[in-house]
Structures are given as C-alpha cells and as structure tokens.
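In what follows, a single structure is set out as structure tokens and then discussed.
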4 protein chains.
Amino acid sequence: MAKKKNIIDAVKKIIVRKGIRGITADEIAREAKVAKGTLYLYFKSKEDIFICLLEDFLREGEVLVEKASGERAAAVKKLGNFIKYDLKFYEKNVKVFKTLGTDLGWVSNVLGTEKRKRLMERHFEIIKSVSKIVAAAIKEKSVRKMEPMEGAVVLVSIIHAYVGMRIHGFENTPLHSHAGKILKLYMAGVGR
Amino acid sequence: MAKKKNIIDAVKKIIVRKGIRGITADEIAREAKVAKGTLYLYFKSKEDIFICLLEDFLREGEVLVEKASGERAAAVKKLGNFIKYDLKFYEKNVKVFKTLGTDLGWVSNVLGTEKRKRLMERHFEIIKSVSKIVAAAIKEKSVRKMEPMEGAVVLVSIIHAYVGMRIHGFENTPLHSHAGKILKLYMAGVGR
Amino acid sequence: MAKKKNIIDAVKKIIVRKGIRGITADEIAREAKVAKGTLYLYFKSKEDIFICLLEDFLREGEVLVEKASGERAAAVKKLGNFIKYDLKFYEKNVKVFKTLGTDLGWVSNVLGTEKRKRLMERHFEIIKSVSKIVAAAIKEKSVRKMEPMEGAVVLVSIIHAYVGMRIHGFENTPLHSHAGKILKLYMAGVGR
Amino acid sequence: MAKKKNIIDAVKKIIVRKGIRGITADEIAREAKVAKGTLYLYFKSKEDIFICLLEDFLREGEVLVEKASGERAAAVKKLGNFIKYDLKFYEKNVKVFKTLGTDLGWVSNVLGTEKRKRLMERHFEIIKSVSKIVAAAIKEKSVRKMEPMEGAVVLVSIIHAYVGMRIHGFENTPLHSHAGKILKLYMAGVGR
DNA sequence: AATGAATGAGATTTCATTCAT
DNA sequence: CATGAATGAAATCTCATTCAT
C-alpha cells in the first residue's frame, strides 16, 4: 500500500528534521499529505507507526545478515560481507540514524515497554544469526574458541562504533570503505 | 540539597520500574514524597530533571576517565583500568541502564534537540579523554599507529557490548570480571 | 464561523454574570457547549478570546464613527449623530459594559502589555476620527477654535459620563434619549 | 506601619513597570525587600494589597473633595479648586495611572465582585460630594437647573478626559495648568 | 477510502498561602 | 516579628483518537 509507505517516509523526514521527540499526528499527516484520520486507516495508533518504521529497519537487518550467511564462502569472508552490507545499510539511512541513534533496541525507549520487548527480541535474533557465522568461523579455526554470541555482539558493537563516528561527523568517507579495516580490527585487535 | 537528590533518585527508581517514557510529574512527586510544586522549586522543568540525571552519569564518567588517566602506569595499563572502572560504574547502575541503554548520547532522544546537543558534546569529551590514553599507548608502541579517537570509540563500543550482554541477561557475572578479557580482545582481536 | 461566535457570546454571558476576572477555559467551554479543546481550535489562547471580544467592540465603534462622518450634514449635526449612535451601541451592550466598564482601553488591563497596546491604539484611532468632525465644526465656526483632538476626547468623555450613570443605575431611561442633552452640554456647558 | 507602606509602594513600582496583570506575591516581596510570608503579616491576601492600594487613592480623593468643599468661597470657585486639586492628585501619580487607568471603579475589574462593589460605592461617594458643590452652584444660579449628580459626573468625566490625554502623551504640560480651561469648558461648552 | 472538526483526558506548570523555625 | 521552603489546588493547553460526512 503506497499510502502506508508515504506515511512512514513522512515520519522519517520529520525525524531527520527534528528528532523523534514530540512528533504529533498532525505533523505526520501534514508531511504525508493525508488527512489526520487517514493515519488511523493504516495504523492502529501513532506508536504503531514508529513500530512499523523500526520494524522496517529490522527487516532490512534480517535480510542483510541472511544474505551474508547464505553465501558460499569461508566464515571469515561471510563476516566481512556482513560488515560491508551492514555499513551500506547504515550509510543509506545515515540521516535518520543521526537523530535516532544506531541501536534500534534503545531507540525503542520512546515506546511502551511491551512493544519494546518485541522489537528488542527481534534485534537479538539478528545478532544470533551473526553468532552462527562466528560459530562457523570458530569451527574453521579462523576465530579462537569463544562464546559465539559474545563474538557477535562485539562485532556488531565495533560496527556501531564506526557508524557512530560517521554520524557524529568525525568521519565523512562512506561507511563501507571501512569494512576491511573493521574486519581486521575485529580479528587482530589494535595491538601491534 | 537533599531534596534535589531525592527527586533524582525517585526518577531513577521509576526508570528502573517502567522505563523513561511516559514518566509524569505526578509520578515523580509521589515517588519522591514531595508535592508536585516542589519539583519546580528545584528544577526548571520536568525535562530539566532528566537532564540533571543524565549529567550526573556523565559526571561520573568524567571522573572515572580522569582517574584512569591520572594514574602513574603504562598507557595499556591505564586502558585496562579505565575498562575496569567503567564496568564498575555500569555494574553499579545496571538496573537503570537496563531500561535506559548504555549510550547516554542517544538516551537524550527523549529531550529537546538543544539540550541534547549539549549532553552529546559532554559525552564526546569523555571519549576524547580516552583517546588521549590511546594516543599515549601508540607512542609507547603497545598500540599500532591509528587515529586515537578511532581507537577510543572502538574501545568504548566493546565495553558497551559487554554491558549490553549483562543488561540483557546473556551474562550474569559482575561486569568487571570481564575487564581482562575485554582488554585482550581490544588488543588482539578475536582471531587466533 | 458559527462556533467562533458561540464562544465569544459565551464569554459575554459570563462577563455579564460575574465580571471579566477569573474566567476559566473550562467555564467558557461549558457555557459555549463545546469541548475545552475546541476553544483552541478557534483561538490561539484564552487571552486571544478576550482580544477578539474587545476587537469586535472596537470594530463596532469604528463603523459607527464612520457612519456619522460619512453623512452629508453640518459638522455639529454629525457630532449629534455620533453621540446618538454611540449611545445606542452602549445601550445595546449595556449589561456587558456594566461589568466591563466603558473605556475599552483600560479594560485591557487584564491583557498582557503588548496586546494591550495594539488595542489602545485602535481605540485612539476612533477618537481621531471624531476629532476630524470636530475640526470640521471648528471650520464651520460652530465650535470655537481649539485643538480638535481635545474637543473629541472631551466629547467622548461626556458620553461616557452618561453611559456610566446608566450603567450604575442612576438613570434607567434608554441612553440615546439623552443625545440632545449631551450635545447641548458639550456645546454650551452647564452654566446659564 | 512602615512595612505596610513599603509593600504598597513596591506594588506601585511594579504596576508602573509592567501593569497590574500577573503580579505575583513573589514579585511583590522581592520588590519590597521582605520575605513572602511577611506580606501575609500585613495583608490578608494578595488581593487585599491591591484593595489597600486603591483605597489609598480613594482616600486621597475624599480628602481632596472635602478640602474643596470646606473652603469659604462661591460654589463655582470651589468647583475650580476641586478641578485643580484633582488634577494635582493625578499628576502626582501619573505613572501609576498610566498603566492603571483613571477610573478606579473599573480598575477593580481585577478584583472579585464583592470587594469591587465596596470600592465602587466609595468612589460614588466622592462624586456625591462633588454633586453637593454643584447643587450649591445651582442655588447660586451660576449653574443652570439640572440634576446635581449629573453635573458632578460630567465634571469628573471632563477632568478624566484631560488626565487621559496627559497619560497617553497627547499632552505633556502639567495637568493642573489646564484647570482654568476645564472649568470654562464645563461652564460654557465648546460652542462659540 | 478519505476527511478534518470535535473531543476530553491528561500533562505541565504556576502561585497564593501556610507554618515550622 | 520575620522567614522562605513546601504545598497542592487549579489553570492552561496539547494532542491522540474518533466519527459523521
């Protein structure tokens, strides 16, 4: 449904412009060029709009990790690709994440506790998928023995570190150009 | 002023109980056992209460990085200590961060854009302080040549990774018991 | 817009009943039989409602002085007619003015200083229009040489004197029956 | 009691500065350099302060009309003196009346209806006193036969007309310099 | 399906007044 | 007498949601 997308896009634009706080139904309707009542034809509530927006991002995340997992390659190569895909995803939405923050789990602070939990869990699922690649890498002996989930969380955090630098303007080069460096950092650390 | 602390503490308790969203002035007053009007005797607005709360955390962060910096030791040792202090800080407030998230910058999503900027900047200052230790480590040749800020952001992200695991219940051991592991991870990565 | 008028009328009724002080938004909404929120659909603020009410009166005043000015007659005749029209205006709204007072400028004491200034100025414009008729009367030699504005202010004050008497119950006859007397008083004073 | 006067004076200063609307107890206490609680040692309520302020003015008015009445002179002479005294009174307090308006009766719009009535009545008493002089003037045949109260109200209105011009800056000469003109206007009107 | 006027619960904030010190 | 921290009732205004058209 095109209208639904219009509305979500309108919210994104508003978020880019003024952050997520204090967005009103009026504002969304105006930006989406629909009547206020129309919002409620496509969404149960205003909160529901935010949830859909976040779920869209989560879906993209799921797709991207599946893509990396599904490839026929060494686990380390898969990790490298995941990094690249993830960075591309963030780069594409950099303006939104600039006001939203990178950690979809925490973003949901603006939501009620119940809804939030559901989003958080979905978010963990993605990390769990990453952990499976890590587990494979351990099996392949390219990564040392460790709790795979731990390895996944650390990897995602390092990626977020670079997204954060990009977002806050420490870095202006496109994010995915850092993919190789991130993988190396992850594998070998900062020591010499 | 004791009342001021009471109020901040009341807010923390409420955050632990139900997250930061939808906290009302009534609720804070009730929890702090003061009249609603009293809130406005000590704070300019409800938002101001949140800001003070976050600033308290930032202040703790500043202190802790200064402490690590100020020690007479090798830079790598200082980094290790910073990790330890930071983990202790998060451990102490683990319940609050459970609903608040670790990244104080983004938490401020609930605030107006202006105030938020100020908090974010203060947050960066802390990372900048960490970057100075990293720079020292580079000079001491224990860390390879790299942008020190980059090294600092990555370190902080890895710490957050562990805090996140603790918060979400993947891990139940006290956070600072991971300090050594984190330093090792940071220095040598996950590879074998 | 009918609702807007309803609201203004509701305020008038309340003013008649209990004066202008301490009128609440709740009260207006109840009297106008609309929801409280509806007030803010038609007016920016509660103060804005009062301003509109006063502006309505000012508009009536403007119309009435224009009417007198525009007539084809000797200036003194025009002054007589202005007196008559003005008295009719006050008579029509006598209940409201009973609690509001006659001097719209001062009524605005209940408003913020900025808005008040604008209303005052508009009020002066009306007197300025009267002064033009006085100037014409001076030219026609029916009024002796004097500052026309002075003549206008005095005339308006005398009119207010009679409105005041009517309002306070010294006088119960309809105001406009005094028109001739007022003109005579204005022209010839109280001496013999 | 000196404190009481301090407080009243503080209110006057505030009125001069920002009008009568929105004056808070805090503000009065600050301006009077006493604690907020002290206000309630000398006045029953905030409203009571305003009432005292207005009553002070009324008292001055009473005194001044008594003075004029009590003089040994022709009634017309007494009226002239009343005009002069009244103008001096307004001149002395011109800054306050600039924001308060001249008609003490209406000023009390900011007060509750009961208190207001009492002030209004006291205000009428003054006019009644003037009317006695007018009555005398009628007896002395210097004023034509008329309802003395009517004559008094008209006189007072004309005085107010000049005060108004002074207040609004049409006139900058001291008010009492107009006394003669006003008497003449009152006695002989504006006609030639 | 779409609209947008109307709603009213509920949130924030103010401020006159009290009272323990 | 004097203070000023604390109170809490009450006021303004917002905004998600509904529903008749």
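Naming: A, B, ... by sequence-line order, numbering from 1 per chain.
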Atom [atom1] of [X] and atom [atom2] of [N]: how far apart are they, to the nearest Å?
| X | N | atom1 | atom2 | answer |
| --- | --- | --- | --- | --- |
| A/Arg21 | E/dT12 | CZ | C1' | 13 Å |
| B/Leu41 | E/dC15 | CG | P | 14 Å |
| A/Ile7 | E/dA2 | CD1 | C1' | 11 Å |
| C/Lys46 | F/dA10 | NZ | P | 15 Å |
| C/Lys3 | E/dA6 | NZ | C1' | 7 Å |
| A/Phe43 | F/dT18 | CZ | P | 16 Å |
| B/Glu47 | E/dA11 | CD | P | 17 Å |
| C/Lys44 | F/dC13 | NZ | P | 11 Å |

Do any side-chain nitrogens or oxygens of C/Lys36 fall under 4.0 Å of OP1 or OP2 in E/dG8? no
Step-by-step side-chain contact (heavy atoms from CB on, under 4.5 Å) determination, D/Leu100 to D/Asn93: CA-CA 10 Å; D/Leu100 218 51; D/Asn93 298 287; over 6 Å; no
According to side chain to side chain contact (heavy atoms under 4.5 Å, CB included), who are the partners of D/Asn6, at least two apart in sequence or on a separate chain? none
Set of side chain to side chain contact (heavy atoms under 4.5 Å, CB included) partners for C/Glu121, sequence neighbours left out: none
Could you summarise the pairing of DNA chain F as dot-bracket text, marking Watson-Crick and G-U pairs under 3.5 Å with ( ) or [ ] inside the strand and | across strands? .||||||||||||||||||||
For the residue pair B/Phe97 and B/Phe57, does the interplanar ring angle fall in the parallel (under 30°), tilted (30 to 60°) or perpendicular (over 60°) class? tilted
Of the candidates E/dT3, F/dG8, E/dT7, the side chain of B/Ala35 sits closest to F/dG8
Within the side chain of D/Arg116, is there an N or O that forms a donor-acceptor pair under 3.5 Å with the backbone of C/Thr99? yes
More than 12 heavy atoms of other groups within 6.0 Å of A/Lys18 NZ: yes
On a heavy-atom basis, which atom in D/Ile167 and which in D/Lys98 lie closest, and how many Å separate them? O-CE, 3.1 Å
Can you name the closest pair of heavy atoms from A/Ile15 and A/Ile23 and give their distance? CG1-CD1, 3.8 Å
For residues 23-33 of chain C, which residues have at least one heavy atom under 4.0 Å from DNA chain F? C/Ile23, C/Thr24, C/Ala25, C/Asp26
Using a strict threshold of under 4.0 Å (side-chain N to carboxylate O), is an ion pair present between D/Asp9 and D/Lys5? yes
Stepwise side-chain contact (heavy atoms from CB on, under 4.5 Å) test for C/Lys12 and C/Lys95: CA-CA 9 Å; C/Lys12 281 187 195 169; C/Lys95 280 192 206 151; over 6 Å; no
What nitrogen or oxygen pairs link the protein and nucleotides 19-21 of chain F at under 3.5 Å?
none

Residue whose closest nucleotide on DNA chain F lies nearer the 5' end, B/Tyr42 versus C/Ser45: B/Tyr42
Scan the side chains in residues 37-44 of chain A for donor-acceptor partners under 3.5 Å anywhere in the protein, sequence neighbours excluded, and list what turns up.
unit_1	atom_1	unit_2	atom_2	d
A/Thr38	OG1	A/Ala35	O	3.4

